[in-house]
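Notes follow the structure.
Note that ligands are numbered from 1 as they come in the structure, with each ligand's atoms numbered from 1 the same way.
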Amino acid sequence: MSDQAHGPEAGGAPTEEQHEDNKIHVERWEAIWLRLAMIMVVVFILGVVISATAFGISVPGVTGRINPATIDDPSSPFSKPGLRELAPGKYEAYIVAQTWNFVPDKLEVPQGSEVTFYLTARDVTHGFKLVGTNINMMALPGQVSSLKATFNKPGTYDYLCHEYCGYVAGAPIGHQTMYGQLTVTPALTTTAVTQ
Ligand code: CUA
């Protein structure tokens with residue numbers, strides 16, 4: 001018995017499927033997997049849309065450009081890095097990443113504060129990860145990155161550089177020393193406030 005069942009000369013009448021307007025025949029399991037893959041794509045897209053809208057998860061964007069040489073100019077918002085209180089419980093934090101520290105390396109806000117972080121790098125590419133939050137950014141020379149977070153839990157939050165950063169000839173490499181700490185102080189309850 002021959003295994004050569006291909007081609008017209010192999011004999012046998014064309015099957016029904018071959019006649020049906022040249023429809024592609026898809027195996028049952030293949031069709032199931034195709035549908036499953038399509039459902040998964042829809043679920044993933046919904047996941048991204050829901051996390052971006054309902055949970056406020058976002059990726060850091062370029063909020064601005066800055067010439068690294070003018071960071072210290074009085075007109076630059078980074079010339080006096082640190083916290084600025086815009087309104088009660090609303091802050092902006094300007095942070096400069098440089099070889100090898102963050103300026104400032106200490107921040108303190110009361111519980112419940114909303115902080116918008118603005119970050120740039122003075123020299124080489126650094127990173128900024130605020131442990132326990134959604135804040136995770138690159139610090140790039142020439143670029144200002146920004147992300148916002150609300151701190152409802154008192155405690156300390158370390159921030160650290162997660163980009164293996166620059167080498168200056170003759171100096172020890174200090175990437176591992178590049179960190180800071182944000183302290184969230186417990187909010188005073190109304191009964192604890194005295195006149
Ligand atoms: Cu800065 Cu690693």
Side-chain angles (χ1 to χ4, degrees), residues 44 47-48 51-187:
F44 293 155
V48 171
S51 59
T53 53
F55 299 106
I57 293 170
S58 54
V59 289
V62 186
T63 24
R65 301 267 173 205
I66 188 164
N67 181 349
T70 65
I71 283 179
D72 297 320
D73 285 4
S75 60
S76 154
F78 290 94
S79 61
K80 290 194 186 82
L83 280 170
R84 263 154 249 186
E85 190 173 10
L86 303 177
K90 265 189 181 268
Y91 293 87
E92 281 181 343
Y94 282 86
I95 297 171
V96 177
Q98 58 191 30
T99 307
W100 281 284
N101 58 3
F102 290 109
V103 186
D105 61 359
K106 291 264 184 298
L107 296 168
E108 190 177 311
V109 293
Q111 183 180 359
S113 295
E114 183 192 272
V115 184
T116 308
F117 293 86
Y118 293 95
L119 181 74
T120 194
R122 183 185 296 280
D123 36 38
V124 297
T125 301
H126 298 275
F128 182 85
K129 163 86 182 153
L130 189 59
V131 179
T133 71
N134 63 335
I135 305 286
N136 187 346
M137 296 188 268
M138 300 283 287
L140 302 167
Q143 181 174 309
V144 180
S145 307
S146 176
L147 270 181
K148 194 188 284 185
T150 304
F151 297 92
N152 289 320
K153 250 176 71 184
T156 52
Y157 298 76
D158 294 326
Y159 47 91
L160 46 96
C161 178
H162 56 54
E163 280 296 320
Y164 192 63
C165 49
Y167 171 72
V168 176
I173 293 175
H175 158 74
Q176 73 283 357
T177 67
M178 202 170 159
Y179 57 86
Q181 197 171 60
L182 168 79
T183 305
V184 178
T185 55

Nearest heavy-atom neighbours spanning Thr120 and Gly142: OG1-N, 4.3 Å
Minimum-distance N/O/S atom that His175 presents toward atom 2 (Cu) of ligand 1: ND1
2.8 Å cut-off met by an N, O or S atom of Thr125 to atom 1 (Cu) of ligand 1: no
Parallel, tilted or perpendicular: ring planes of Phe128 versus Tyr159, cut at 30 and 60 degrees: tilted
Atom 2 (Cu) of ligand 1 to nearest N/O/S of His126 less than 2.8 Å: no
Of all N/O/S atoms in Glu163, the name of the one nearest atom 2 (Cu) of ligand 1: O
Asn67 (side chain) donor-acceptor with Ala69 (main chain) under 3.5 angstrom: yes
Residue Cys165, metal atom 2 (Cu) of ligand 1, N/O/S under 2.8 Å: yes
Main-chain N/O of Glu163 paired with His126 side-chain donor or acceptor, under 3.5 Å: no
Flag, side chain of Glu85 to backbone of Tyr91, donor-acceptor distance under 3.5 Å: no
